[in-house]
Chemist: 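Shown below is the structure under consideration.
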Amino acid sequence: MFPGEIDVPPATYLDQLGTIFTRFDTQDSGNIAYGVQTAGARYFVKTAGDPANTEPYLDFADRVALLRNAIELARSVDHPALPTLHAVIESPAGPLLVYDWRDGELLHDPAVRERFQALPTEEILAALDTLYDLHAALDAAGWVQGDFYDGSLLYDFTTQRLTVMDLDSYHRGAHRNTMGRMFGSKRFMAPEELALGAPVDTRTTAYALARAGLILLPDPPPALGDVLIEATTARFPSYQAFHEAWLTASSTTADSVTNRSRCTPGSG
């Protein structure tokens with residue numbers, strides 16, 4: 001269905017492919033993305049934006065490089081939380097990444113995040129389990145988180161499905177901080193992401209994902225809360241160690257969480 005290459009601007013091709021029903025062009029990265037409706041499906045199409053646009057903090061070559069990194073990540077890990085990458089189309093404006101369209105609301109929006117935090121604990125934990133399971137697969141494939149925050153999380157309240165997206169800045173393998181303050185939201189950033197020359201590795205992933213748990217789960221069961229706090233203070237030696245501790249704590253709290261959710265006012 002999709003060609004390997006086009007010789008027209010992305011928007012021109014997408015207009016020919018179907019109907020552009022939304023456009024995302026206010027990102028500070030300079031990327032431009034589109035929601036496209038065809039006869040049989042809807043797609044999310046991400047591009048590097050206008051090659052001539054020099055206003056973003058990343059130049060065009062760097063934006064293209066991150067998209068190619070996103071392609072590598074999508075091809076290395078298959079997980080239900082990741083939208084399927086259907087095609088990569090080369091164009092004069094760089095690659096077009098054609099993903100599944102996923103419905104939902106971004107948890108970076110304060111009102112949406114508050115609505116999510118008010119869900120039954122059992123439902124929040126199911127979403128976190130999905131997030132942590134995805135990162136177990138990413139960690140096993142050698143990926144270290146970069147620029148992860150709640151703007152990467154899309155939640156469909158109707159289907160209770162979590163989608164994780166925009167992982168373009170994830171890094172294949174451990175590396176050192178060459179920036180000082182790396183890209184990202186400070187609410188999620190590990191200390192090494194703020195220290196020039198510090199090692200950034202699987203421990204960093206554990207920290208950021210534990211911060212997500214502390215932010216999104218306002219009243220964690222004690223055993224799970226202890227795991228999240230340890231991951232952001234004493235620190236786990238690896239993401240795998242963090243995830244194993246989370247799973248162990250989850251197995252000991254499952255029944256109490258279910259009972260508490262059933263007893264929550266308004267939940268039944």
Side-chain angles (χ1 to χ4, degrees), residues 2 29 31 33 41-48 63-90 94-104 106-108 125-156 159-175 182-185 188-190 193 200-213 216 231 236-247 250:
F2 300 104
S29 66
N31 291 335
R42 291 201 296 173
Y43 298 98
F44 176 80
V45 182
K46 190 169 185 178
T47 77
R63 301 197 299 269
V64 168
L66 284 183
L67 289 185
R68 299 210 181 278
N69 191 59
I71 295 167
E72 182 183 353
L73 185 147
R75 288 174 172 170
S76 69
V77 173
D78 182 20
H79 193 278
L82 291 177
T84 300
L85 177 64
H86 290 280
V88 177
I89 306 169
E90 300 295 337
L96 286 70
L97 279 58
V98 183
Y99 293 97
D100 273 341
W101 176 267
R102 293 281 184 94
D103 290 324
L106 284 175
L107 296 186
H108 182 58
L125 288 175
L128 287 176
D129 284 342
T130 297
L131 178 64
Y132 293 164
D133 183 69
L134 165 63
H135 279 83
L138 290 167
D139 182 68
W143 291 99
V144 174
Q145 76 80 26
D147 196 13
F148 171 83
Y149 73 123
D150 44 14
S152 305
L153 304 177
L154 190 75
Y155 193 71
D156 187 328
T159 63
Q160 300 182 8
R161 180 171 69 170
L162 180 76
T163 295
V164 185
M165 50 189 247
D166 287 342
L167 306 184
D168 308 8
S169 295
Y170 277 39
H171 194 281
R172 201 85 183 257
H175 58 104
M182 299 179 72
F183 295 131
S185 166
F188 293 83
M189 294 174 75
E193 294 179 274
V200 178
D201 54 28
T202 179
R203 295 171 65 250
T204 312
T205 303
Y207 185 102
L209 273 292
R211 284 293 305 154
L216 297 175
F236 284 97
S238 66
Y239 181 81
Q240 182 179 359
F242 160 70
H243 190 225
E244 288 175 353
W246 174 266
L247 292 175
S250 295

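In what follows, residues are counted from 1 in the order of the sequence shown.
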Chemist: Do the side chain of Ser238 and the main chain of Thr202 share a donor and acceptor less than 3.5 angstrom apart?
Modeler: no
Chemist: Please round to the nearest 0.5 Å and tell me the distance separating atom NE2 of His108 and atom CG of Leu154.
Modeler: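 If I round to the nearest 0.5 Å, the distance is 13.5 Å.
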Chemist: Closest heavy-atom contact between Trp143 and Leu73?
Modeler: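 Looking at all heavy atoms of both residues, the shortest contact is CZ2-CA, 3.4 Å.
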Chemist: How many angstroms lie between CG in Leu131 and CG in Leu162, if you round to the nearest 0.5 Å?
Modeler: 6.0 Å
Chemist: CG of Asn31 to CG of Asp166: how many Å apart, nearest 0.5 Å?
Modeler: 8.0 Å
Chemist: Before giving the answer on side chain to side chain contact (heavy atoms under 4.5 Å, CB included), spell out for Leu167 and Leu82 the whole-Å C-alpha distance, their side-chain angles and the decisive distance to 0.1 Å.
Modeler: CA-CA 10 Å; Leu167 306 184; Leu82 291 177; 4.0 Å; yes
Chemist: Could you report the tightest heavy-atom contact between Ser169 and Asp147, atom names first, then the distance?
Modeler: CB-CB, 3.9 Å
Chemist: Any chance you could lay out the side chain to side chain contact (heavy atoms under 4.5 Å, CB included) test for Asp129 and Trp246, step after step, and finish with the verdict?
Modeler: CA-CA 9 Å; Asp129 284 342; Trp246 174 266; 2.8 Å; yes
Chemist: Can you say whether the rings of Trp101 and Phe44 are parallel (under 30°), tilted (30 to 60°) or perpendicular (over 60°)?
Modeler: tilted
Chemist: According to the interplanar angle, ranging from 0 to 90°, do the rings of Phe242 and Tyr132 count as parallel (below 30°), tilted (30 to 60°) or perpendicular (above 60°)?
Modeler: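 Rings of Phe242 and Tyr132: perpendicular, as their planes differ by over 60°.
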Chemist: Can you give me the closest heavy-atom contact between Gly94 and Val64, atom names plus distance?
Modeler: CA-CG2, 4.4 Å
Chemist: In terms of ring plane angle, is the pair His135 and Phe148 parallel, tilted or perpendicular, where the classes change at 30° and 60°?
Modeler: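 Perpendicular: the ring planes of His135 and Phe148 meet at over 60°.
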Chemist: To the nearest 0.5 Å, how far apart are CD1 in Ile71 and NZ in Lys46?
Modeler: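 Ile71 CD1 to Lys46 NZ: 11.0 Å, rounded to 0.5 Å.
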Chemist: Any idea which heavy atoms bring Leu67 and Ala48 closest together, and the distance?
Modeler: CD1-N, 3.4 Å
Chemist: Can you name the nearest heavy-atom pair linking Pro83 to Tyr99, along with the distance?
Modeler: O-CD2, 3.7 Å
Chemist: What distance separates Phe236 CZ from Thr205 OG1, expressed to the nearest 0.5 Å?
Modeler: 14.0 Å
Chemist: Keeping the roles fixed (side chain from Arg172, backbone from Asn69), state whether a donor-acceptor pair exists under 3.5 Å.
Modeler: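 Looks like no, no N/O pair under 3.5 Å.
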Chemist: Output, in order, the C-alpha distance, side-chain angles, deciding distance and verdict of side chain to side chain contact (heavy atoms under 4.5 Å, CB included) for Arg42 and Asp103.
Modeler: CA-CA 10 Å; Arg42 291 201 296 173; Asp103 290 324; 2.8 Å; yes
Chemist: Distance from Met182 atom CE to Thr204 atom OG1, nearest 0.5 Å?
Modeler: 8.0 Å
Chemist: Would you name the heavy atoms of Asp168 and Ala70 that are closest together and state the gap between them?
Modeler: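 In terms of heavy atoms, the two residues are closest at OD1-CB, 3.6 Å.
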Chemist: Does Leu153 form a side chain to side chain contact (heavy atoms under 4.5 Å, CB included) with Val164? I'd like the steps, not just the answer.
Modeler: CA-CA 5 Å; Leu153 304 177; Val164 185; 4.0 Å; yes
